There are 2 protein chains.
Amino acid sequence: METPVETTRERLLNVAEQRFGEGGYEGTSLRAITVAAAANIAAVNYHFGSKEALLRAAVARAMAPVNTERRRRLDQLEAGGPPTPEELIRAFIEPGLELVLRRGERGAVVARFIGRIAFDPSRRIRDLYAAESDPIESRYLAALQRALPQASPDAVAFGYMNMLGLLALHQSQALSPTPGAAGSGGAVSTEDPGKLAENLVTFLVAAFDRGLRT
Amino acid sequence: METPVETTRERLLNVAEQRFGEGGYEGTSLRAITVAAAANIAAVNYHFGSKEALLRAAVARAMAPVNTERRRRLDQLEAGGPPTPEELIRAFIEPGLELVLRRGERGAVVARFIGRIAFDPSRRIRDLYAAESDPIESRYLAALQRALPQASPDAVAFGYMNMLGLLALHQSQALSPTPGAAGSGGAVSTEDPGKLAENLVTFLVAAFDRGLRT
DNA sequence: GCATAGTTCAAACGGTCGTTTGAACTGGAG
DNA sequence: CTCCAGTTCAAACGACCGTTTGAACTATGC
């Protein structure tokens with residue numbers, strides 16, 4: 001088996017999503033990234049052009065398989081009869097959690113990266129994430145509206161935003177309490193990605209079914 | 001009416017929660033804060049000691065009335081019969097949204113500040129928020145467990161974390177879409193704080209009632 | 001051999017960061 | 001008035017930031 005040599009570009013992307021996921025965009029320096037990636041600082045500007053362009057490339061690479069899987073599931077659902085709310089929620093949540101958490105340690109890094117960037121304090125950074133999931137968003141909204149005809153467009157959008165936000169929070173692992181905190185002794189949902197996805201779907205299905213007024 | 005002269009310390013706290021709420025901790029410089037507050041840079045270290053201590057003081061001041069109101073509501077609920085899940089959820093959500101959003105423009109700034117800090121990318125910053133709402137958290141968890149005896153402790157903690165996360169996301173206004181985005185044309189929930197609180201409570205009550213397995 | 005395009009490198013650029021210093025100002029107490 | 005604690009100030013500290021430069025290295029094609 002030939003050694004799959006990682007290019008400098010790949011190492012930069014790998015380290016970038018790890019570090020950006022830990023400290024956020026502003027809280028992570030290019031020097032910290034390039035040192036960890038065993039690359040020269042100038043390599044960032046050579047391969048990507050700027051710090052923000054590096055982030056953009058990392059977001060695009062991380063979101064690509066998630067978007068592909070979501071599109072595939074939506075196509076499949078719409079090929080059959082009109083999908084139920086639960087089927088639509090599954091088609092959104094599971095690609096975001098399972099596809100990314102199932103493959104060991106590295107998947108958790110990618111998930112945390114996506115979840116953090118989605119709710120970065122800076123609007124400009126959040127928009128980088130939004131731009132990557134933009135086209136599929138209106139498809140979900142339309143499908144949810146058809147599956148929930150009694151709910152107003154505002155209510156559907158409200159539910160969709162809550163779903164998106166909760167997913168991002170679990171991806172970013174920001175909901176796991178501080179190890180030394182007074183509350184529960186940890187392990188809220190970090191045990192098994194599959195179980196987390198199942199719990200989150202159940203939670204959201206109940207909320208969508210009876211929690212969307214007007 | 002005598003002029004209520006703002007002290008330098010107060011102006012620093014006011015501007016800090018505004019700027020930290022916009023750009024996050026790492027993305028906001030002390031110089032940006034002190035210029036907007038018409039104060040000298042050294043005033044921060046004189047009155048607070050460091051940038052992080054300024055943030056800590058701002059978080060404490062912003063959370064104080066919310067925590068007080070939550071305690072008051074919990075006391076009142078536990079004085080009567082065993083509270084329902086809806087009553088507990090209201091006692092958590094409404095102090096976080098109404099108490100802070102009802103008083104005009106300034107309340108929205110405080111809410112955004114709290115919501116942003118609660119999910120700052122840096123663990124150390126998030127812990128500053130957690131430390132401020134620490135003692136009341138176990139009270140809520142215990143009360144929720146009593147109100148939902150059929151749910152496991154893990155499930156209750158899962159629901160509580162989702163509630164806390166969704167509240168913070170709405171407080172931070174991170175769920176309002178980009179003005180120019182493809183999705184809904186904005187106004188997901190920004191219309192009226194009271195309506196937002198009502199929608200969020202309804203959403204969460206449904207999720208707690210039928211969405212917590214095991 | 002030589003030329004060439006692609007990549008890496010050490011070093012430096014100007015700028016901004018949080019923090020510190022020591023002097024200047026302020027207003028009430030003795 | 002003098003004194004003094006409390007506060008504000010301009011200026012500078014060293015460190016780190018993202019970005020740029022221009023030379024050095026690498027590998028492939030002729």
Side-chain angles (χ1 to χ4, degrees), chain A residues 2-59 61 113 116-117 120-125 127-128, chain B residues 2-59 61 113 116-117 120-125 127-128:
Chain A
E2 43 185 277
T3 23
V5 199
E6 277 183 330
T7 66
T8 298
R9 195 188 144 90
E10 287 167 335
R11 291 197 318 273
L12 283 174
L13 286 172
N14 292 343
V15 175
E17 67 187 3
Q18 178 210 325
R19 292 292 213 264
F20 283 148
E22 288 173 357
Y25 179 74
E26 297 285 356
T28 304
S29 72
L30 284 185
R31 281 174 174 84
I33 292 175
T34 51
V35 165
N40 191 278
I41 308 207
V44 171
N45 281 290
Y46 176 75
H47 287 284
F48 301 97
S50 68
K51 182 186 182 183
E52 188 168 319
L54 167 63
L55 173 65
R56 183 163 28 240
V59 169
R61 194 188 67 162
F113 169 65
R116 285 261 200 279
I117 297 304
D120 188 274
S122 161
R123 162 69 77 99
R124 209 177 68 263
I125 303 302
D127 285 348
L128 289 184
Chain B
E2 43 186 278
T3 21
V5 200
E6 277 184 331
T7 65
T8 298
R9 195 189 144 90
E10 287 168 335
R11 290 197 321 272
L12 283 174
L13 286 173
N14 292 342
V15 176
E17 69 188 3
Q18 178 210 325
R19 293 290 213 262
F20 282 148
E22 287 172 359
Y25 179 74
E26 296 286 354
T28 304
S29 72
L30 284 185
R31 280 173 175 84
I33 292 175
T34 51
V35 165
N40 191 277
I41 307 205
V44 171
N45 281 288
Y46 176 74
H47 286 285
F48 302 97
S50 69
K51 182 186 183 184
E52 189 168 319
L54 167 63
L55 173 64
R56 182 162 29 239
V59 170
R61 194 188 67 162
F113 170 64
R116 285 260 200 279
I117 297 304
D120 188 274
S122 161
R123 160 69 77 98
R124 209 177 68 262
I125 304 303
D127 285 349
L128 290 183

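Fair warning: this is a prediction, and the values are worked out from it, not measured in the lab.
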*Between C/dC17 atom P and B/Arg19 atom CZ, what is the distance in whole Å?*
12 Å
*Take the protein atom CZ of B/Arg31 and the nucleotide atom P of C/dT20, then report the distance between them rounded to whole Å.*
13 Å
*Distance check: side-chain N/O of A/Asn45 vs OP1/OP2 of D/dG18, anything under 4.0 Å?*
no
_Under-4.0 Å side-chain N/O to phosphate OP1/OP2 contact, B/Ser50 with C/dG18_ = no
*asked:* Does C/dT8 have its OP1 or OP2 closer than 4.0 Å to a side-chain nitrogen or oxygen of A/Thr8?
replied: yes
*Round to the nearest Å and state the distance from A/Ile33 atom CD1 to D/dG18 atom P.*
8 Å
*Where the side chain of A/Ala42 is defined as all heavy atoms beyond and including C-beta, which of C/dC17, D/dC9, C/dA10 is the nearest nucleotide?*
C/dA10
*If you look at every strand shown and take non-hydrogen atoms under 4.0 Å, does B/Thr7 touch a base, only sugar-phosphate, or nothing?*
nothing
*Tell me which nucleotide among C/dC9, C/dC17, C/dG6 gets nearest to the side chain of A/Tyr46.*
C/dG6
*Nearest whole angstrom, please: distance from the P of C/dT19 to the CG of B/Leu54.*
10 Å
*Check whether any side-chain N or O of B/Arg116 sits under 3.5 Å from a backbone N or O of B/Gly24 as a donor-acceptor pair, and report yes or no.*
no
*Hey, does B/Thr28 reach any base, or is it just sugar-phosphate, or nothing, if we go heavy atoms under 4.0 Å?*
sugar-phosphate
*Look at the rings of B/Tyr25 and B/Phe20 and say which category their plane angle falls in: under 30° parallel, 30 to 60° tilted, over 60° perpendicular.*
tilted
*Round to the nearest Å and state the distance from B/Glu26 atom CD to C/dC17 atom P.*
12 Å
_Rounded distance [0.5 Å steps], CD1 in B/Ile33 versus CG in B/Asn14_ = 11.5 Å
*asked:* Below the 4.0 Å mark, does D/dC17 have OP1 or OP2 next to a side-chain nitrogen or oxygen of A/Ser29?
replied: yes
*Over how many whole Å does the gap from A/Leu12 atom CG to D/dG18 atom P extend?*
13 Å
*Measure the spacing between CG of A/Asp120 and CG of A/Leu128 and express it to the nearest 0.5 Å.*
9.0 Å
_Shortest side-chain distance from A/Asn40, nucleotide among C/dC9, D/dC9, C/dT19_ = C/dC9
*Distance check: side-chain N/O of A/His47 vs OP1/OP2 of C/dG6, anything under 4.0 Å?*
no
*Separation of B/Leu30 atom CG from C/dT19 atom P, in whole Å?*
6 Å
*Separation of B/Phe48 atom CZ from D/dT8 atom P, in whole Å?*
11 Å
*Kindly indicate whether the side chain of A/Ile41, heavy atoms from C-beta on, has any atom under 4.5 Å from the side chain of A/Arg31.*
yes
